[in-house]
A.B. asks: 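Quick one: the structure is below, questions incoming.
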Number of protein chains: 4
Amino acid sequence: MSTPKSPGRPRNPAIRAAVLDAARELLAAGGLPAVTIEALAARAGVSRPTIYRHWPNSAAVAMEAFVSATLPSGPPKPTGAPLTDLAAHLRKLAQAFASPTGRSAAALLAASQGETELTKAFRNHFIMTARHEGRRLLTLAAAQGQLRPRLDLELTLDLIYGPLYFRLLMGHAELSKSFTDRLLQLALAGIAPRP
Amino acid sequence: MSTPKSPGRPRNPAIRAAVLDAARELLAAGGLPAVTIEALAARAGVSRPTIYRHWPNSAAVAMEAFVSATLPSGPPKPTGAPLTDLAAHLRKLAQAFASPTGRSAAALLAASQGETELTKAFRNHFIMTARHEGRRLLTLAAAQGQLRPRLDLELTLDLIYGPLYFRLLMGHAELSKSFTDRLLQLALAGIAPRP
Amino acid sequence: MSTPKSPGRPRNPAIRAAVLDAARELLAAGGLPAVTIEALAARAGVSRPTIYRHWPNSAAVAMEAFVSATLPSGPPKPTGAPLTDLAAHLRKLAQAFASPTGRSAAALLAASQGETELTKAFRNHFIMTARHEGRRLLTLAAAQGQLRPRLDLELTLDLIYGPLYFRLLMGHAELSKSFTDRLLQLALAGIAPRP
Amino acid sequence: MSTPKSPGRPRNPAIRAAVLDAARELLAAGGLPAVTIEALAARAGVSRPTIYRHWPNSAAVAMEAFVSATLPSGPPKPTGAPLTDLAAHLRKLAQAFASPTGRSAAALLAASQGETELTKAFRNHFIMTARHEGRRLLTLAAAQGQLRPRLDLELTLDLIYGPLYFRLLMGHAELSKSFTDRLLQLALAGIAPRP
DNA sequence: CGGTAAACGAGACGGTACGTCGTGTCTTTGA
DNA sequence: TCAAAGACACGACGTACCGTCTCGTTTACCG
């Protein structure tokens, strides 16, 4: 009823998987510019036109491959203290994005000029997944009175996540292990002197 | 002393200018992917080999063009209050990024995979120029007792610039006019409740 | 049996023809140096990569074009007298070489340095085709007792064709109409005095 | 009187020599296509414009280099029998042109399209030097009654030299040591049966 | 003996062509 | 109908030489 059972030979579901596997390997090896339709086809043992039948272009393949590759592990065990959990979350995030695959995420984001459906989907999956966890923990902390009242939550999230992504992408400064901890602490206390 | 005047026919300085002009136009029109050597040569009225004599690839041209396109105006008149000046500086930076050319800066940043000479040069020119002004103003503010003592200056700079670049690169939220003001205010006060 | 019908889209036979036509025109107009891949592509209305799919380089195209340009007409009607037929064959060959296209054959022959596949192919097609006819006629003449017995056939062929190609390549003397006749006559009689 | 002693710095004669040496090396190594102005300049330690000051193009350099490289040794000692001397002369010639440098002579000849001054000079020097020796010996033989009377000398020369150059350039058959001897013998006797 | 004229090295420059790579579309054959 | 294989037009790549040019420097001769 919903899918009226299209006639003819059905699509081989193994193809999607093979192409996405190839994309992940290529991403890890050579970053986004290495993910060409040509290379995907060769590595997946699939013809180029077949790939075009499944995705509109190579960026779409890369995005889908990336989405299904990052952050597969669940959140760490909550300790009950939201800000402690947030610190752990940030540490884990920094670690994940320090990987070569993580580096190419930036390229993917920036390379997708304009506001296509895919860009949005990717952003949702990729940034918002982490951001959602952060938002949950901040809301929890606010409820326990550990945050200033009437805080702009989105701005706060940017204040915390921004510097992290910034250092990762720019590489202008070391990303020491204590970085996220010190960052969170500074964000909490503020840079103005105590009155 | 100085440059010992290299032998041979001197380079025609008009060529650099013409190519960079062409690059700026192409950047504005079609973003980074439009900046091809072919298009540059055609638009600047210069042969392709000549462009390769001046830059190693199209990304290098785009970077240089972008660098010389942003922040062309000098710093605004100082008001004497460093934090006020900082707020103005951030507003201006955000405005530069909101331009169509600014959008392609994201692509440029992310496209430069790895630690090439160009990445570093671009980072120095493009990020560090702004960052240097920020550092100057923060140091001034600290001297006037408007900042918490013994602040980690680099971390503080990331706390302020990070969210700005983050929104630029991700595009998950507007770069509204009030954004930098609210950001600076939040960073100053911190997100923890006042004791 | 035969060709097992290769998979994939079949080659467009019109392309070969168009490129070879273009090559012949270019050969006639500007000689071998005019036969560039670029010019071929432009004149044949075909993309450059496509030409490379069919031939390894411009010399190969020129050779094939030349091969199919010379000796297009079949052998003249045999008169029954092999040596008379041979004289006619040589006259025709000399005439073909005297054409502007014929001039570039020299360049083609000499330009192919070393023993590449192409050199051999060209030699087979271009020289051996004529030589084969000569061999046929000489064998016939020998059978009729018009040649000295136990003649080294290959040496004899060189004795006849050599001077012809020599004048073509060197250009030190005219390829006059009577040249081949006088040449054949001299070869037959020998230069030593009759005993 | 003739040369009114031009003013300015005189040309450095060492340059001509250095460039011609370089040309000979390049000819031997890679044939005519290796003789580029660029390579000549690099190898001779001379600037490109300087080469253009001395020769109009690379072919001119190659020709001059080739001319001064071949057949430097004098003729072998005459035995008194002209036809024996001719056989020795042909053997030596075949040997000289079997060298890599000899191979490129063909390319040079064919590459020089049209009838420039240089082509003629080259032909004179290169072919006619050998041909002149052949003509001398044939004339001598004729005077001694060893040749048929009223022979077309130029045609006879082609009959002898043609097959030799032909095999050298085409390589369609072995160039055995006995080749020139058998060739001369066949030319003398003719291919027609003795009456 | 100092001025002038050419030779020379170095390298920039506009051209032209090279051979390659990747794209996205298409046309076959076979499953 | 899907999939494979491969042909094709297109566009850009980065490189190699070409022949010309503009410099600054060097080396002769000639007034």
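So that the names make sense, note that chain A is the first sequence line, chain B the second, and so on, each numbered from 1. Only this structure's heavy atoms are used, side chains among them; waters, hydrogens and symmetry mates stay out. Quick caveat: nothing in here was measured; it's all calculated off a predicted structure.
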A.B. asks: Is the phosphate of F:dC21 approached by B:R9 (side-chain N or O, under 4.0 Å from OP1 or OP2)?
C.D. replies: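 For F:dC21, OP1/OP2 do not have a side-chain N/O of B:R9 under 4.0 Å.
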A.B. asks: Atom CZ of B:R11 and atom P of E:dA12: how far apart are they, to the nearest Å?
C.D. replies: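 After rounding, the gap between these two atoms is 5 Å.
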A.B. asks: Name the residue closer to the 5' end of DNA chain E, choosing between B:G45 and D:S47 according to the nucleotide with the nearest heavy atom.
C.D. replies: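 It is D:S47, whose closest nucleotide lies nearer the 5' terminus.
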A.B. asks: Roughly, in whole Å, what's the span from CG in D:L26 to P in F:dC17?
C.D. replies: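 Those two atoms, CG and P, are 11 Å apart.
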A.B. asks: Can you measure from CG (B:L20) to CD1 (B:I15) and round to the nearest 0.5 angstrom?
C.D. replies: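 It comes to 11.5 Å.
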A.B. asks: Would you please confirm or rule out a distance under 4.0 Å between OP1 or OP2 of F:dA7 and any side-chain N or O of C:H54?
C.D. replies: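 False: C:H54 side-chain N/O out of range (4.0 Å or more) of F:dA7 OP1/OP2.
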A.B. asks: Using the closest heavy atom to pick a nucleotide of DNA chain F for each, name whichever of C:I15 or D:A39 lands nearer the 5' end.
C.D. replies: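 Looking at the nearest nucleotide for each, C:I15 comes out on the 5' side.
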A.B. asks: According to the salt bridge (charged side-chain N to carboxylate O under 4.0 Å, His left out) rule, which pairs have a member within residues 30-54 of chain D, sequence neighbours left out?
C.D. replies: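 Those involving residues 30-54 of chain D are D:E25-D:R43, D:E38-D:R48.
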A.B. asks: Once you round it to whole Å, what is the distance between P of F:dC17 and CD1 of D:I51?
C.D. replies: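 After rounding, the gap between these two atoms is 13 Å.
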A.B. asks: For the atom pair OG1 (D:T50) and CD1 (D:I37), what is the distance rounded to the nearest 0.5 Å?
C.D. replies: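 Output value for this atom pair is 11.0 Å.
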A.B. asks: Rounded to whole Å, how long is the line connecting atom CG of C:L40 with atom C1' of E:dG19?
C.D. replies: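 After rounding, the gap between these two atoms is 14 Å.
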A.B. asks: Which comes earlier along DNA chain F counting from the 5' end, the contact point of C:R53 or that of B:Y52, where each point is its nearest nucleotide?
C.D. replies: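 The residue closer to the strand's 5' end, by nearest nucleotide, is C:R53.
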A.B. asks: Check whether any side-chain nitrogen or oxygen of B:T50 sits under 4.0 Å from OP1 or OP2 of E:dC13, and answer yes or no.
C.D. replies: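 It does not, given that no N or O in the side chain of B:T50 lies less than 4.0 Å from OP1 or OP2 of E:dC13.
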A.B. asks: What's the separation between atom CG in C:L32 and atom OG in C:S58, rounded to the nearest 0.5 Å?
C.D. replies: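 Atom-to-atom, C:L32:CG and C:S58:OG are 7.0 Å apart.
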A.B. asks: Starting at CD1 of C:I37 and ending at C1' of E:dT16, how long is that distance when rounded to a whole Å?
C.D. replies: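 Taking atom C1' of E:dT16 as the reference, CD1 of C:I37 is at 14 Å.
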A.B. asks: Return whichever of B:V46 or C:P10 has its heavy-atom-nearest nucleotide of DNA chain E closer to the 5' end.
C.D. replies: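 The residue closer to the strand's 5' end, by nearest nucleotide, is B:V46.
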A.B. asks: Under a 4.5 Å cut-off applied to non-hydrogen side-chain atoms, are D:H54 and D:V19 in contact?
C.D. replies: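 No, every pair of side-chain atoms sits at 4.5 Å or beyond.
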A.B. asks: Check the distance between E:dC21's P and A:R48's CZ and give it to me in whole angstrom.
C.D. replies: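 The distance from CZ of A:R48 to P of E:dC21 comes to 13 Å, rounded to the nearest Å.
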A.B. asks: Measure from CD on D:E38 to C1' on E:dC13 and round the result to the nearest Å.
C.D. replies: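 In whole Å, E:dC13 C1' lies 14 Å from D:E38 CD.
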